[in-house]
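Step one of this worksheet: look at the structure below.
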Amino acid sequence: GSAAFLTEKLGQEAVGLHFPETELTTRVFVGLDSEYLGYFRFRNHYRNGIGEMTAALSSRYELHLLSGDNEGEAQNLKPYFGDEQHLHFRQSPQDKLLFIKSLQEQGKRVMMLGDGLNDAGALQQSDVGVAVSDNVP
């Protein structure tokens with residue numbers, strides 16, 4: 001999980017994580033029992049056509065990004081979503097669900113695209129939910 005999650009579960013002393021919040025990269029930390037084992041660092045790749053798709057949609061609709069990741073990708077995603085106020089990072093599954101509900105309470109109809117289990121509640125809450133997956137051979 002996140003550095004904060006692992007630190008909470010194992011304790012700062014056991015984990016010894018000294019990654020400042022300003023170091024914004026995508027990492028998943030691994031622990032087993034009470035031992036910190038390390039982390040995986042990921043480089044994000046976006047699907048072909050994301051620029052064209054978001055440009056076409058943003059001309060007619062309000063787009064928001066809800067991500068459980070940190071802000072490390074904000075500068076890469078800003079061109080697709082425009083306003084930084086539409087980029088929402090460190091979102092828990094509950095945060096995503098509540099965000100969808102708040103838009104609906106404003107009278108907005110919401111279509112949610114999600115690609116993971118953390119999106120299940122928000123996908124179900126949305127007026128239209130689309131689960132995106134890859135065809136992996």
Side-chain angles (χ1 to χ4, degrees):
S2 69
F5 176 78
L6 215 57
T7 299
E8 177 185 321
K9 295 298 178 193
L10 301 180
Q12 181 67 39
E13 301 77 31
V15 178
L17 297 177
H18 302 289
F19 299 107
E21 288 296 312
T22 56
E23 185 180 331
L24 300 175
T25 59
T26 301
R27 286 181 275 168
V28 175
F29 295 86
V30 180
L32 181 62
D33 296 324
S34 296
E35 184 180 356
Y36 168 66
L37 299 176
Y39 65 88
F40 294 96
R41 181 178 288 173
F42 295 93
R43 182 180 182 102
N44 292 312
H45 297 278
Y46 302 115
R47 296 174 186 268
N48 292 334
I50 188 173
E52 294 83 359
M53 180 191 73
T54 54
L57 290 172
S58 65
S59 69
R60 296 184 56 197
Y61 304 102
E62 183 179 310
L63 303 182
H64 293 271
L65 173 81
L66 305 175
S67 175
D69 294 334
N70 66 37
E71 296 86 352
E73 287 294 306
Q75 290 307 311
N76 294 330
L77 291 165
K78 187 176 175 185
Y80 302 122
F81 291 88
D83 190 347
E84 280 189 36
Q85 293 178 351
H86 289 204
L87 301 176
H88 310 276
F89 295 99
R90 300 180 191 274
Q91 300 294 295
S92 70
Q94 183 69 13
D95 293 333
K96 293 176 184 183
L97 177 102
L98 293 174
F99 188 85
I100 299 298
K101 281 184 177 181
S102 76
L103 291 174
Q104 291 170 326
E105 288 168 0
Q106 297 170 38
K108 296 179 181 178
R109 296 188 60 194
V110 179
M111 178 177 171
M112 166 85 179
L113 299 170
D115 67 351
L117 185 57
N118 290 337
D119 299 324
L123 286 166
Q124 185 175 13
Q125 177 64 40
S126 64
D127 297 292
V128 176
V130 179
V132 179
S133 66
D134 283 319
N135 182 13
V136 180

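The first residue of the sequence shown is numbered 1, and numbering continues consecutively from there.
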Quiz item: Counting only heavy atoms not in L37, do more than 12 fall under 6.0 Å of its CG?
Solution: yes
Quiz prompt | Donor-acceptor contact present, side-chain D127 to main-chain M111, <3.5 Å | solution = no
Quiz item: Once you round to the nearest 0.5 Å, how far does CG of D95 lie from OG of S67?
Solution: 11.5 Å
Practice problem: Report the C-alpha distance between R90 and E71 in whole Å, list the side-chain angles of each, state the deciding distance to 0.1 Å, and finish with yes or no for side-chain contact (heavy atoms from CB on, under 4.5 Å). | Solution: CA-CA 8 Å; R90 300 180 191 274; E71 296 86 352; 3.2 Å; yes
Practice problem: Count the heavy atoms belonging to other residues, nucleotides or ligands that lie under 6.0 Å from CD of Q85, then report whether that count exceeds 12. | Solution: no
Quiz item: Do E84 and Q75 come close enough that some side-chain heavy atom pair is under 4.5 Å?
Solution: yes
Quiz item: Does some side-chain heavy atom of R47 sit less than 4.5 Å from a side-chain heavy atom of M53?
Solution: no
Quiz item: Is there a chain of hydrophobic side chains (I, L, V, M, F, W, Y, each step under 4.5 Å between heavy atoms) that links F89 to Y80?
Solution: yes
Exercise. Treating Ile, Leu, Val, Met, Phe, Trp and Tyr as nodes and any side-chain heavy-atom pair under 4.5 angstrom as an edge, say whether L113 and F81 lie in one connected cluster.
Key: no
Quiz prompt | Atom pair CE/CG of M112 and L97 - distance to nearest 0.5 Å | solution = 9.5 Å
Practice problem: Answer yes or no: is there a donor N or O on one side and an acceptor on the other, between the side chain of Q104 and the main chain of Q125, under 3.5 Å? | Solution: yes
Quiz item: Between T54 and L63, which heavy-atom pair has the shortest distance, and what is it?
Solution: O-CD1, 3.6 Å
Quiz item: Between K96 and L66, what is the shortest heavy-atom contact and its length?
Solution: CE-O, 3.8 Å
Practice problem: Side-chain contact test, heavy atoms from C-beta onward, threshold under 4.5 Å: evaluate it for Y46 versus N76 and give yes or no. | Solution: yes
